[in-house]
2 protein chains.
Amino acid sequence: MSTAPLDFSRLKPKGGKRSSKREQIVNVFLRQEGHLSADDLVDIIRKDDRRVSRATVYRTLQWMVDAGIARKVDFGEGRSRFEHSYRQPRHFHLICQTCHRSFEFLSSDVELLIEEVATARRFSPAKSVVQIYGSCEDCREGRKASADDGHSDLVFARDALRIAIATERSGLEFYTRAAKVTRDARARVVFDHLASEEKEHLGKLEARYAELVQRDRLLESRPTFLFFKGAASGIFAEGTEKLLHGNDQQALLIGIKCERGSHRFFKKYGEQFEESEGKQIFLEFADEEREHLDLLMREYRALVKRQGKAGRAGRAASGPRAGAR
Amino acid sequence: MSTAPLDFSRLKPKGGKRSSKREQIVNVFLRQEGHLSADDLVDIIRKDDRRVSRATVYRTLQWMVDAGIARKVDFGEGRSRFEHSYRQPRHFHLICQTCHRSFEFLSSDVELLIEEVATARRFSPAKSVVQIYGSCEDCREGRKASADDGHSDLVFARDALRIAIATERSGLEFYTRAAKVTRDARARVVFDHLASEEKEHLGKLEARYAELVQRDRLLESRPTFLFFKGAASGIFAEGTEKLLHGNDQQALLIGIKCERGSHRFFKKYGEQFEESEGKQIFLEFADEEREHLDLLMREYRALVKRQGKAGRAGRAASGPRAGAR
DNA sequence: CTAGGTGCAAATAATTTGCAGAGGC
DNA sequence: GCCTCTGCAAATTATTTGCACCTAG
């Protein structure tokens, strides 16, 4: 993460004056990594400047939370901790009960399930907390705290690429197979087109991944930060099965579902990040998926039209809803 | 939930004497539902007996946590709350930020994902916390707190049955289709057998569900407590697809995966509960799934043997591991 | 009789607040 | 000069502890 001081002049929650103390505290906070308690921060600040009041630190932390620079997290220790939230998406935590370090991860799959539960319970979720308490590898093996979590923009970009690649592979397999088995000539053209697109993208993504790994030799050994099975995880298989039974329409619906899922995923995380390589990859990929989605939707509609009153299958699956712009 | 006092003589954490105060506090706590703060409990206790010290309540709460009667939960309010843990599995929470009520749910799917993340990060999880903060339906629609959460043994039994039924249906479909398309005569016998078993179980389960609903007219309208897609959610489709490609071995593996998944699920929750109807259903079902699993495993081994060195596919999928006893 | 259990009041611990003075605009 | 920030000390809140006393086994 960059250590250069940032421009917070626009981050003032209501108004608030430029003040040396506040600026100093904010800068020190942003320079730290991990999850600091108010007291940790006081200690660090006091190394620089003996006469900083505890109250000011608490007030500044509250100000940072309001300004969206910091996020309050509670690991059940009876006191709050604070983490950066500027340029960081919300994430979940692994908390070691032995060394009290905490590690971050993000799982779109978990988020999806949480949304499903909330919907089923007619609950409007505002934020969710997922914390895994236990012991980390270092503690179990008696090691002292080893290398840092390595959670950097590069890791994020790496995971973004891995997921994009897995999604492309899965899509490529589906469209290739689809083009082979479909009985509908027009659909075959679409599937062929999509298959060749996936192939091309796949090549680009793999090259980009190789380039990324080049930049940091240890990158591939760093722990996964971002988890998402989504479209890459066998959902397409369902579609192929439908095709084999001659149900092109249902197969298209499944393709649509997959593309929409990955479009949403990449869009969402792309928007949460700022100015990083991961963000770029995410947004580019979101666009590509969007195009595929549109294409499939057009094709689906055309197919339904051609098949006339073959709308039975469409009704059963409730049809494709409006796009996820 | 029963309001009859229970026998806590064996629940003493180390030793500890029978004392009127402690027993009184424990009984009052168990009679309450929801998530009480220490202070809530003090207020309630003091209605009965004016001279109970705050300290004693705190000490008794700690004792209950040690004894496994209570569980401490932290909803980030700066104070702890306590919930029953006796005869209650660990669960997750929906927390309304408006009315400050909290609701419970359980999602095996979320637990599975959490385990995957922990494994990927080489972390040994001890417990996990999932909290969804937001606003409940009552608050959004300006209603006052409506009917209770209705989280009772009956709801648990209902959800258990629903999941069991969905699993049976999915399995029935798979085995029926499998019996139809497999080219292997011996496998067909096994699939036929399993299909007829699933059909029989399905009938029983549906009758039992109807009987359950009979007992409480509102039961079906109560919110879902237990979420699990597991084997019921299209995983079997993957298996059918393999079969269609003539890969009986892979199809069997997928059947094994599904049966194992549901066996584990029912075993796990069956063991967490005590003496309830839900527990019975879970354990019975776990046994049935176990039998199917064993049958499939035997068949898988026989098939591999018959096919001689056709072990390539088996290697690719790493084969079925030892049973989940 | 003796190990706990209990009440009361004091001690901690994290965080907040009142208020007078300092400092930016 | 006004309005906000800051430091300090006092207040607040949740929880724990020391200690003298009480009670069950």
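A note on names: the letters A, B, ... follow the listed sequences, proteins ahead of strands, and every chain is numbered from 1. Here the structure is a predicted model, which is why all the values come from computation and not from measurement.
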Please confirm whether the ring centroid of A:Y269 lies under 6.0 Å from the ring centroid of A:F156. no
Between P of C:dT15 and CG of A:D40, the distance in whole Å: 11 Å
Would you list the protein and nucleotides 7-9 of chain D atom pairs, both N or O, that sit under 3.5 Å from each other?
from  : atom 1 : to    : atom 2 : distance (Å)
D:dG7 : OP1    : A:K21 : NZ     : 2.8
D:dG7 : OP1    : A:R51 : O      : 2.7
D:dG7 : OP2    : A:S53 : N      : 3.2
D:dG7 : OP2    : A:T56 : OG1    : 2.3
D:dG7 : N7     : A:R59 : NH2    : 2.9
D:dG7 : O6     : A:R59 : NH2    : 3.2

Separation of atom CD in A:E23 from atom P in C:dG23, rounded to whole Å: 16 Å
Any chance CZ of B:R122 has more than 12 other-residue heavy atoms, nucleotides or ligands included, within less than 6.0 Å? no
Results of salt bridge (charged side-chain N to carboxylate O under 4.0 Å, His left out) for B:K72 - residues two or more places apart only: none
I'd like a table of atom pairs between the protein and nucleotides 11-14 of chain D - only N or O on both sides, under 3.5 Å - with the distance next to each one.
none

Separation of atom CZ in B:R22 from atom C1' in D:dA24, rounded to whole Å: 12 Å
Could you state the CG-P distance from B:D66 to C:dG5, rounded to the nearest angstrom? 12 Å
Over how many whole Å does the gap from A:I45 atom CD1 to D:dT6 atom C1' extend? 14 Å
Identify each donor-acceptor pair in which a side-chain atom of residues 53-62 of chain B lies under 3.5 Å from a protein atom, sequence neighbours left out, and give them as a table.
from  : atom 1 : to    : atom 2 : distance (Å)
B:S53 : OG     : B:A55 : N      : 3.0
B:R54 : NE     : B:D39 : OD1    : 3.4
B:R54 : NH2    : B:D39 : OD1    : 2.6
B:T60 : OG1    : B:T56 : O      : 2.7
B:Q62 : NE2    : B:D66 : OD1    : 3.2

Rounded distance (Å) that lies between atom P of C:dG5 and atom CD1 of B:I25: 12 Å
Return the value, rounded to whole Å, for the distance between atom CH2 of B:W63 and atom P of C:dA3. 21 Å
Does B:Q131 have any side-chain hydrogen bond (donor to acceptor under 3.5 Å, both in side chains) partners at least two apart in sequence or in another chain, and if so, which? B:Y133
So, using side-chain hydrogen bond (donor to acceptor under 3.5 Å, both in side chains) as the criterion, who are the partners of A:D216 when residues are at least two apart? A:R222
My understanding is that only residues two or more places apart in sequence, or in another chain, count here; which of them pass side-chain hydrogen bond (donor to acceptor under 3.5 Å, both in side chains) with B:D40? B:S37, B:R81
What is the distance from CG of B:L41 to P of D:dT15, rounded to the nearest Å? 12 Å
Residue set satisfying side chain to side chain contact (heavy atoms under 4.5 Å, CB included) with B:I44, at least two apart, ordered chain then number -> B:V28, B:Q32, B:L36
My understanding is that only residues two or more places apart in sequence, or in another chain, count here; which of them pass side chain to side chain contact (heavy atoms under 4.5 Å, CB included) with B:E271? B:K267
